[in-house]
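What follows is a single structure, written as C-alpha cells, with notes after it.
When reading the values below, keep in mind they use all heavy atoms of this one structure, side chains included, and skip hydrogens, waters and symmetry mates. The shown structure was predicted, so the numbers you read here are calculated from the model rather than taken from an experiment. Here is the naming used below: chain letters follow the sequence lines, and residue numbers restart at 1 for every chain.
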Number of protein chains: 2
Amino acid sequence: MAPPEVATAVGKSLTGKGARTRARILECALELFRERGYDDTTMRTIAERAGVSLGNAYYYFKSKEHLIQGYYARSHEEHLAVCGPLLEAEVDLEARLRGVLRAKIDTSAEYHRFAGVLFKTAADPESPLSPFSAESLPTRRQVTALMGEVVEGSDVKVTEPLAEELPHLLWLYLMGIILFWIHDRSPATSQTYRLIEHTSSLVTRLIKMGRHPLLRPLTTSTLKLLREFRDEVKSPATDDASTPP
Amino acid sequence: MAPPEVATAVGKSLTGKGARTRARILECALELFRERGYDDTTMRTIAERAGVSLGNAYYYFKSKEHLIQGYYARSHEEHLAVCGPLLEAEVDLEARLRGVLRAKIDTSAEYHRFAGVLFKTAADPESPLSPFSAESLPTRRQVTALMGEVVEGSDVKVTEPLAEELPHLLWLYLMGIILFWIHDRSPATSQTYRLIEHTSSLVTRLIKMGRHPLLRPLTTSTLKLLREFRDEVKSPATDDASTPP
DNA sequence: CTTCTTTGTTGAACGTGTTCAATTAATGGG
DNA sequence: CCCATTAATTGAACACGTTCAACAAAGAAG
C-alpha cells in the first residue's frame with residue numbers, strides 16, 4: 001500500500017513537487033489567517049504570497065474552507081504530541097483529564113482569533129469539516145482513543161458498561177470546552193482555563209460515583225441512550241468526495 | 001414610548017409602507033429558502049420575487065444572514081403560541097418538558113432543510129445571530145422564562161439553589177436537542193423525537209433526584225459553576241449595531 | 001405652492017469565491 | 001529522441017454578496 005500522502009482537490013496522491021507546492025500554499029494561508037483573520041484573507045492573497053496563480057490554489061484545495069482542514073490536522077497532531085509525555089508522567093485521573101484539555105487550548109491559542117469562523121464552518125452538517133462528518137471520523141476516533149487512554153492509564157478503575165462509553169462522553173466534553181473557548185473573550189481566554197479547572201474536577205467526581213448503587217438506574221439509562229444514539233448521527237451523503245469525470 | 005416596530009438595516013423604525021415592503025421581502029425570502037434552500041437562494045432572486053431592486057432589499061436587511069433573524073423571530077413566536085395551551089393543560093413535569101421540546105421541533109420542521117446553514121451562521125460568535133449574542137438576549141430570556149414556567153407549573157417542587165439555575169440548564173438542553181435535530185438525517189427527523197422521549201425522562205429523573213443528600217456536594221458544585229460562568233460568555237462588542245455616519 | 005428633510009428606491013460597480021478551457025511542464029514507453 | 005499521457009499551472013470569466021452615489025416620493029415648515 002502507498003504511503004499516506006496528502007490528497008489534492010481532485011483526489012490524487014502527490015509526491016515531490018506537487019506536495020511542496022501544496023504545503024507552501026497551506027503554510028501561507030495559515031500565516032495569513034493568523035495575521036488578519038479568515039474573512040480578511042483572500043484566496044488571491046494566499047495565491048500571491050505562495051507565488052502561484054489563483055487557479056493553482058484551487059487545484060490543491062477544493063475550496064477556501066478546505067484550507068481549514070489543514071489547520072485541523074496540524075492542531076490535532078500537535079495536541080497528540082503534547083499529550084504523550086503528559087500521560088506518561090501522571091496517574092491521577094483529574095490531572096490527566098485537565099492536562100489533555102489544557103493542552104488542546106494551549107495548542108490552539110494562536111488561532112483563537114479566527115476560531116469563530118472555524119467553528120462556523122464546522123457547525124454545518126453538510127460540511128466535511130463538521131466534527132460529526134464522515135470525513136473527520138479518523139480524527140474523532142483518535143481523540144476518543146486518547147480519552148480512553150486518559151481513563152485507562154489512571155489510578156481509577158472504571159467498570160465495563162461505563163468504560164465503553166466514557167471516551168465518547170469525554171470527547172463530547174472536550175467539544176463543549178472548545179465551544180466555550182470560541183466564545184471566550186476574556187484576556188488570554190483565562191475563563192476557559194478556569195472552566196477546565198472546575199469541570200475536570202466535577203467530571204472526575206462523577207466518574208468515581210458512577211458505580212454507586214443509588215445512581216445505578218440513571219447510569220444505566222444514560223449509557224443505554226448513548227449506545228443507541230452515538231452512531232445515529234452518521235453523516236448522510238458526502239457524495240462529492242470523489243468527482244468522477 | 002413608540003410601539004415596538006421592526007427595525008430597518010439603518011436602525012430606524014418603520015410604519016406603513018416601509019413595513020409592508022420589509023415584510024414582503026422577508027416573506028419571499030423564507031419562501032425561497034424553503035423551496036430551494038439558503039445557498040441556492042440569491043439576494044437578486046429574493047428582490048425580484050418581492051418586486052424590489054437589489055439595493056432595496058439591503059435597505060431593509062443589512063445582509064443575507066439578517067434575513068435569518070426574521071425566521072428566528074417567527075419560529076420563536078410560533079413556539080410560544082403552541083406552548084401556551086400545552087402548559088395550561090398539563091402538570092406532569094416530564095410531559096410538560098417533552099411537549100415544549102416537541103413543539104420546537106414541530107414548528108421548525110418546515111425549515112429543517114436549511115437548518116444547517118442556519119446553525120452555521122448562528123455558531124459564529126461574532127454573528128448577531130449567535131444564541132449567545134447580545135442581540136438574541138431578549139429571545140433567550142423568553143425561552144428561559146418558558147423553561148421556568150415548565151418547572152414551576154408542574155407538580156414537582158424544586159427548591160431554591162436549583163430553582164434559579166434550572167431554567168438556564170433547560171435552555172442549554174434545548175440547544176443540544178436542536179443541535180442533534182440539525183444533524184438528524186432520519187426520515188421526518190424521527191430520531192430527534194426519540195431522543196426527546198428518552199432524555200426528557202432522564203432529565204426529569206435527575207431533577208427529582210437533585211435534593212438527594214448523596215448528590216448534594218455534586219449539585220452544589222455544579223450550581224456554583226453555572227452561576228459563575230453563565231453570564232461570562234457575554235458577547236464582546238456587537239459594535240456595528242448602530243452605524244453612526 | 002416652495003423648500004427642506006426624511007424615507008424609500010434604484011442600478012451600476014466592486015471584491016471575492018469558484019470554475020474552466022487552454023497551456024505548459026514532467027514522465028514514461030517505443 | 002519523440003511522442004503520448006498525466007500532472008501542474010495559468011488567466012480570464014462568472015455569479016453572487018455587498019456598497020454607494022444618486023434619484024424619487026412623501027411629509028413638514030414657512
Note to self: By the definition side chain to side chain contact (heavy atoms under 4.5 Å, CB included), identify the one residue from B:Ile46, B:Ile68, B:Asn56, B:Leu26 that meets it with B:Phe61.
What the structure shows: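 Output: one option passes, namely B:Leu26.
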Notebook entry, point to check: Taking B:Val100 as the fixed residue, which of B:Leu80, B:Val150, B:Leu170 is the one that meets the side chain to side chain contact (heavy atoms under 4.5 Å, CB included) rule?
Noted result: B:Val150
I need the [atom1]-[atom2] distance between [X] and [N], as an integer number of Å.
X       : N      : atom1 : atom2 : answer
B:Asp39 : D:dA15 : CG    : C1'   : 13 Å
B:Glu65 : D:dC16 : CD    : C1'   : 15 Å
B:Met43 : D:dC20 : CE    : C1'   : 15 Å
B:Arg22 : C:dT7  : CZ    : C1'   : 15 Å
B:Glu48 : C:dT9  : CD    : P     : 17 Å
A:Phe61 : C:dT19 : CZ    : P     : 15 Å
B:Lys62 : D:dC20 : NZ    : P     : 14 Å
A:Ile25 : D:dT9  : CD1   : P     : 8 Å

Check: What do you reckon, is CD of A:Glu48 surrounded by more than 12 foreign heavy atoms closer than 6.0 Å?
Finding: no
Check: Would you call A:Arg102 and A:Glu197 a side-chain contact if the rule is heavy atoms closer than 4.5 Å?
Finding: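 Result yes, sub-4.5 Å side-chain heavy-atom pair found.
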Note to self: Just N and O in the side chain of B:Thr21: are any of them under 4.0 Å from OP1 or OP2 of C:dT9?
What the structure shows: yes
Check: Can you check whether B:Tyr58 has a side-chain N or O nearer than 4.0 Å to OP1 or OP2 of D:dC20?
Finding: no
Next item on the list: Determine whether the aromatic ring centres of B:Phe33 and B:Tyr111 lie less than 6.0 Å apart.
Entry: no
Next item on the list: Look at all strands and tell whether B:Thr41 reaches a base, only sugar-phosphate, or nothing, counting heavy atoms closer than 4.0 Å.
Entry: sugar-phosphate
Next item on the list: Answer with yes or no whether the side chains of A:Tyr193 and A:Asp106 bring together a donor and an acceptor at under 3.5 Å.
Entry: yes
Check: Is the backbone of B:Tyr38 close enough, under 3.5 Å, to the side chain of B:Lys64 for a donor and an acceptor to pair up by distance?
Finding: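 Yes.
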When you compare the protein's N or O atoms with those of nucleotides 10-14 of chain D, which come within less than 3.5 Å of each other, and at what distance?
{"from": "D:dT10", "atom 1": "OP2", "to": "A:Ser53", "atom 2": "N", "distance (Å)": "2.7"}
{"from": "D:dT10", "atom 1": "OP2", "to": "A:Ser53", "atom 2": "OG", "distance (Å)": "3.2"}

